[in-house]
Asks: 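Have a look at this one before I ask anything.
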Amino acid sequence: MFKSILTYVAAKKVITCVVLAAMLIGVMAVACVAAVFAPKASADEMNPYAGKTFKMVDPRYGTSTMYVTEDGRALVKLPDNARVGYYFDAYVGDNGKLLVVDGNNTVFSAFMNDNGTLSDYDGATWFDID
């Protein structure tokens, strides 16, 4: 009697292990197939500003340009000396807005419009000149 109960329990444990192993293999197969067929994120999706040059013409101050690089930097040229540029860190913040920072200080903040222009929070419009 004891031997038959022990055999039943052992067989039940073996069957449970085999079922769990089969389920694990199934989950791993689905994960591998999903990883192969999942779309890869492009730089445009991660940073829609990357690789673009924006220009803003202000009648009071002059023309400013800004080039956002793919590696998270922004080259800003100001009207006072258009031949000299300043590099700042740039990244995409909340709700997709562009943030250009110098350390902990925000230098520039803007959001992209449907037509590809930038609107900064001072009311200026920056046009994509690429």
Side-chain angles (χ1 to χ4, degrees):
M1 174 83 173
F2 180 71
K3 191 174 182 182
S4 64
I5 293 173
L6 186 61
T7 305
Y8 172 76
V9 170
K12 190 170 183 181
K13 296 272 184 196
V14 170
I15 291 172
T16 302
C17 288
V18 169
V19 169
L20 289 176
M23 289 172 54
L24 180 63
I25 290 171
V27 168
M28 293 299 291
V30 168
C32 289
V33 169
V36 168
F37 291 111
K40 304 292 185 260
S42 67
D44 256 358
E45 292 169 344
M46 297 175 69
N47 186 352
Y49 309 100
K52 295 185 179 178
T53 303
F54 297 97
K55 179 178 179 181
M56 187 267 300
V57 178
D58 188 337
R60 296 171 291 173
Y61 304 114
T63 302
S64 299
T65 58
M66 175 177 48
Y67 174 72
V68 181
T69 65
E70 286 84 7
D71 63 348
R73 307 273 294 159
L75 173 63
V76 179
K77 294 182 180 179
L78 301 173
D80 58 349
N81 190 352
R83 288 182 275 167
V84 176
Y86 303 97
Y87 279 99
F88 299 103
D89 292 324
Y91 63 94
V92 179
D94 296 336
N95 297 327
K97 67 182 175 183
L98 173 66
L99 295 173
V100 178
V101 296
D102 183 20
N104 292 333
N105 301 324
T106 301
V107 176
F108 178 79
S109 179
F111 59 91
M112 187 174 285
N113 300 313
D114 291 337
N115 60 359
T117 62
L118 283 181
S119 293
D120 65 17
Y121 290 97
D122 292 331
T125 301
W126 294 69
F127 296 94
D128 185 3
I129 59 173
D130 287 337

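The basis for the numbers below is simple: all heavy atoms, side chains too, and nothing from hydrogens, waters or symmetry mates.
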Asks: Please report whether the ring centroid of Trp126 lies less than 6.0 Å from that of Tyr49.
Replies: no

Asks: Are Glu70 and Asn47 close enough, and set up right, to give a side chain to side chain contact (heavy atoms under 4.5 Å, CB included), and what steps lead you there?
Replies: CA-CA 8 Å; Glu70 286 84 7; Asn47 186 352; over 6 Å; no

Asks: Val107, Leu98: one ILVMFWY side-chain cluster at the under-4.5 Å cut-off?
Replies: yes

Asks: Any idea which heavy atoms bring Gly85 and Lys77 closest together, and the distance?
Replies: CA-CG, 3.9 Å

Asks: Please check: side-chain N/O of Asn115 versus main-chain N/O of Thr117, any donor-acceptor pairing under 3.5 Å?
Replies: yes

Asks: Do Val92 and Val100 share a hydrophobic cluster (ILVMFWY, side-chain heavy atoms under 4.5 Å, transitive)?
Replies: yes

Asks: For Asp128, check side chain to side chain donor-acceptor pair (under 3.5 Å) against everything at least two apart and list the hits.
Replies: none

Asks: Under the side chain to side chain contact (heavy atoms under 4.5 Å, CB included) criterion, do Lys52 and Val68 qualify, and how do the steps go?
Replies: CA-CA 6 Å; Lys52 295 185 179 178; Val68 181; 5.8 Å; no

Asks: Please report the closest heavy-atom contact between Thr16 and Lys12, naming both atoms and the distance.
Replies: OG1-O, 2.8 Å

Asks: For the hydrophobic clusters of this structure (ILVMFWY residues joined by side-chain heavy atoms under 4.5 Å, transitively), does one cluster hold both Leu75 and Phe127?
Replies: no

Asks: I need the Ile25 CD1 to Met28 CE distance, nearest 0.5 Å.
Replies: 10.0 Å

Asks: Roughly how far, to the nearest 0.5 Å, is CG of Asn113 from OG1 of Thr125?
Replies: 7.0 Å

Asks: Look up atom CG in Asp89 and atom CG in Asp102, then write down how far apart they are to the nearest 0.5 Å.
Replies: 8.0 Å

Asks: Rounded to the nearest 0.5 Å, what's the gap from CZ on Phe37 to SG on Cys32? Could you check?
Replies: 11.5 Å

Asks: Only counting residues at least two apart or in another chain, list the ones meeting ring-ring contact (aromatic ring centres under 6.0 Å, His included) with Tyr67.
Replies: none

Asks: I'd like to check Lys97 versus Ser109 (side-chain heavy atoms, cut-off strictly below 4.5 Å). Are they in contact?
Replies: yes

Asks: Should Phe54 and Ile129 count as side-chain neighbours, where that means a heavy-atom distance under 4.5 Å?
Replies: no

Asks: Examine distances only and state if a side-chain atom of Asp120 and a backbone atom of Gly123 form a donor-acceptor pair shorter than 3.5 Å.
Replies: yes

Asks: Is there a chain of hydrophobic side chains (I, L, V, M, F, W, Y, each step under 4.5 Å between heavy atoms) that links Val76 to Met56?
Replies: yes

Asks: What's the spacing between Phe88 CZ and Thr106 OG1 if we round to 0.5 Å?
Replies: 11.5 Å

Asks: Going only through I, L, V, M, F, W and Y residues with side-chain contacts under 4.5 Å, is there a path from Val101 to Met66?
Replies: no

Asks: For a quick test of reading the model, state the closest non-hydrogen atom pair linking Ala90 to Ala74 and the distance between them.
Replies: CB-CB, 3.9 Å

Asks: Hydrophobic side-chain clustering at under 4.5 Å (ILVMFWY, transitive links): who's grouped with Val57? Put none if nobody.
Replies: none

Asks: How long is the span from the CG atom in Leu24 to the SG atom in Cys17, to the nearest 0.5 Å?
Replies: 12.0 Å

Asks: Starting from the C-alpha separation in whole Å, work towards a yes-or-no answer on ring-ring contact (aromatic ring centres under 6.0 Å, His included) for Tyr121 and Phe111.
Replies: CA-CA 8 Å; Tyr121 290 97; Phe111 59 91; 5.7 Å; yes

